[in-house]
There are 2 protein chains.
Amino acid sequence: MKLEDAKLKYIHTWGSLATNWGINKTMAQVHALLLVSTKPLSADDIMETLKISRGNVNMNVRALIDWGIVNKEFVVGERKEFFVAGKDIWELFKQVTKERKKREIEPVLKVLEDLKNDVEDNSEEAEDFKKMMGDLSSVTTTVNGILDKAIKADEHWLLSNFTKMIKK
Amino acid sequence: MKLEDAKLKYIHTWGSLATNWGINKTMAQVHALLLVSTKPLSADDIMETLKISRGNVNMNVRALIDWGIVNKEFVVGERKEFFVAGKDIWELFKQVTKERKKREIEPVLKVLEDLKNDVEDNSEEAEDFKKMMGDLSSVTTTVNGILDKAIKADEHWLLSNFTKMIKK
DNA sequence: TTTTATTTTCAGAAATTATTGAAAGTTTAA
DNA sequence: TTAAACTTTCAATAATTTCTGAAAATAAAA
């Protein structure tokens with residue numbers, strides 16, 4: 001396969017995979033495009049390659065910037081804005097994990113904590129419910145903690161420590 | 001707050017959280033309902049509590065069974081089917097992780113591997129692309145491996161090993 | 001058998017989410 | 001200043017996903 005075809009295939013495959021896990025197709029494609037691009041791209045470049053509207057490009061690029069995985073970049077002699085995606089995949093993983101933690105895990109913990117505290121009742125059934133909320137909280141907290149370590153870790157550090165750990 | 005209200009609040013909150021991370025609202029609600037229920041529920045029970053149609057209950061209950069987190073259960077003297085959700089949250093976490101690995105991570109690895117192999121070109125740019133696919137693969141594989149360990153682990157084992165590990 | 005209870009399916013309707021495109025807003029250059 | 005280049009916004013529309021409800025299929029009881 002020719003390089004350009006492989007790049008396009010990657011971009012489109014990434015987009016359809018993304019929809020399987022609740023991520024907007026276009027957003028995934030824009031990121032994939034920037035990831036395999038050798039130079040910063042303008043909104044026009046993205047519009048043309050992905051055949052999408054200016055508004056759509058703008059929205060999704062801003063969302064990616066908001067996730068901290070795409071940056072604006074100035075190009076000498078050009079007035080318009082250009083965009084780049086960081087090429088370090090471990091950094092990308094850490095950034096996405098950090099955001100998902102903030103957006104998806106932490107709100108869950110808050111809700112569970114509140115629910116546990118709000119039940120006045122002291123029946124056995126109420127105690128069971130509180131235990132259930134507590135268990136959900138506790139597993140979520142454990143996962144959250146693990147992800148925290150991963151975010152702070154260096155790829156090799158994490159890998160080698162894991163290897164050590166699992167051999168015990 | 002009264003116990004029944006807290007349960008309903010949990011069920012509805014869980015549903016709306018689920019939509020934030022790409023999971024069908026009703027599916028999350030049905031699971032939450034079964035989780036906090038003290039007894040097996042029939043399709044009619046679920047329809048009534050969540051105010052949804054029979055078809056919708058059927059579809060989502062089957063999806064939950066497919067995910068391995070809800071089971072059919074027979075109730076003596078009753079002809080219809082009843083459903084229960086496992087109450088062990090650590091087991092639930094492991095099961096969900098296992099399925100997500102299979103549905104979301106493994107197909108990604110396949111795609112990346114294929115793309116890397118399909119590029120004939122040997123230009124520097126092509127090598128960069130292959131490296132990028134390789135990096136994506138490698139991080140995904142690492143994460144996949146970590147999740148594998150988590151799936152096989154006992155909650156306390158994992159927690160204590162992590163604690164040990166992060167203190168290094 | 002035949003009848004009755006229950007589950008499943010699936011076409012159409014409803015709800016939700018994503019996209020367009022043009023107008024409004026902003027920034028830079030002349 | 002004013003004009004041109006560019007970005008952002010957002011109402012209307014399109015696409016996608018979810019849900020309903022009734023009919024078909026299946027299973028148990030009579």
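Throughout, a chain's letter reflects where its sequence line sits, starting with A, and its residues are numbered from 1. Here the structure is a predicted model, which means the values were calculated and not measured.
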Inspect the contact between [Y] and [X] and indicate whether a charged nitrogen and a carboxylate oxygen are less than 4.0 angstrom apart.
| X | Y | value |
| --- | --- | --- |
| A:R62 | A:D66 | no |
| A:D135 | B:K87 | no |
| B:E106 | B:K102 | no |
| B:K130 | B:E125 | no |

| message | Just so I know, are the side chains of A:T49 and A:L8 near enough to count as touching, which here means a heavy-atom distance under 4.5 Å? | response | yes

| Considering only heavy atoms and no angle criterion, is a donor-acceptor pair shorter than 3.5 Å present between the side chain of B:R79 and the base of C:dT6? | no

For [X] and [N], what is the distance between atoms [atom1] and [atom2] respectively, to the nearest whole Å?
| X | N | atom1 | atom2 | value |
| --- | --- | --- | --- | --- |
| B:D45 | C:dT7 | CG | P | 11 Å |
| A:M47 | C:dG21 | CE | P | 9 Å |
| A:I65 | D:dT8 | CD1 | C1' | 13 Å |
| A:K80 | D:dT8 | NZ | P | 14 Å |
| B:L41 | C:dT7 | CG | C1' | 17 Å |
| A:E78 | D:dT7 | CD | P | 10 Å |
| A:K51 | C:dG21 | NZ | P | 14 Å |
| B:I52 | D:dT20 | CD1 | C1' | 11 Å |

| remark: The answer to which of A:K72 and B:S53 contacts DNA chain D further toward the 5' end, by nearest nucleotide, is A:K72

| Within the distance-only criterion (no hydrogens, no angle test), does the side chain of A:Q95 pair as donor or acceptor with the backbone N or O of A:W67 below 3.5 angstrom? |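 Yes; judged by distance alone, with no hydrogens or angles, the pair exists.
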
Check nucleotides 9-18 of chain D against the protein and report each pair of N or O atoms closer than 3.5 Å, with its distance, or say if there are none.
{"from": "D:dT9", "atom 1": "OP2", "to": "A:R62", "atom 2": "NH2", "distance (Å)": "3.1"}

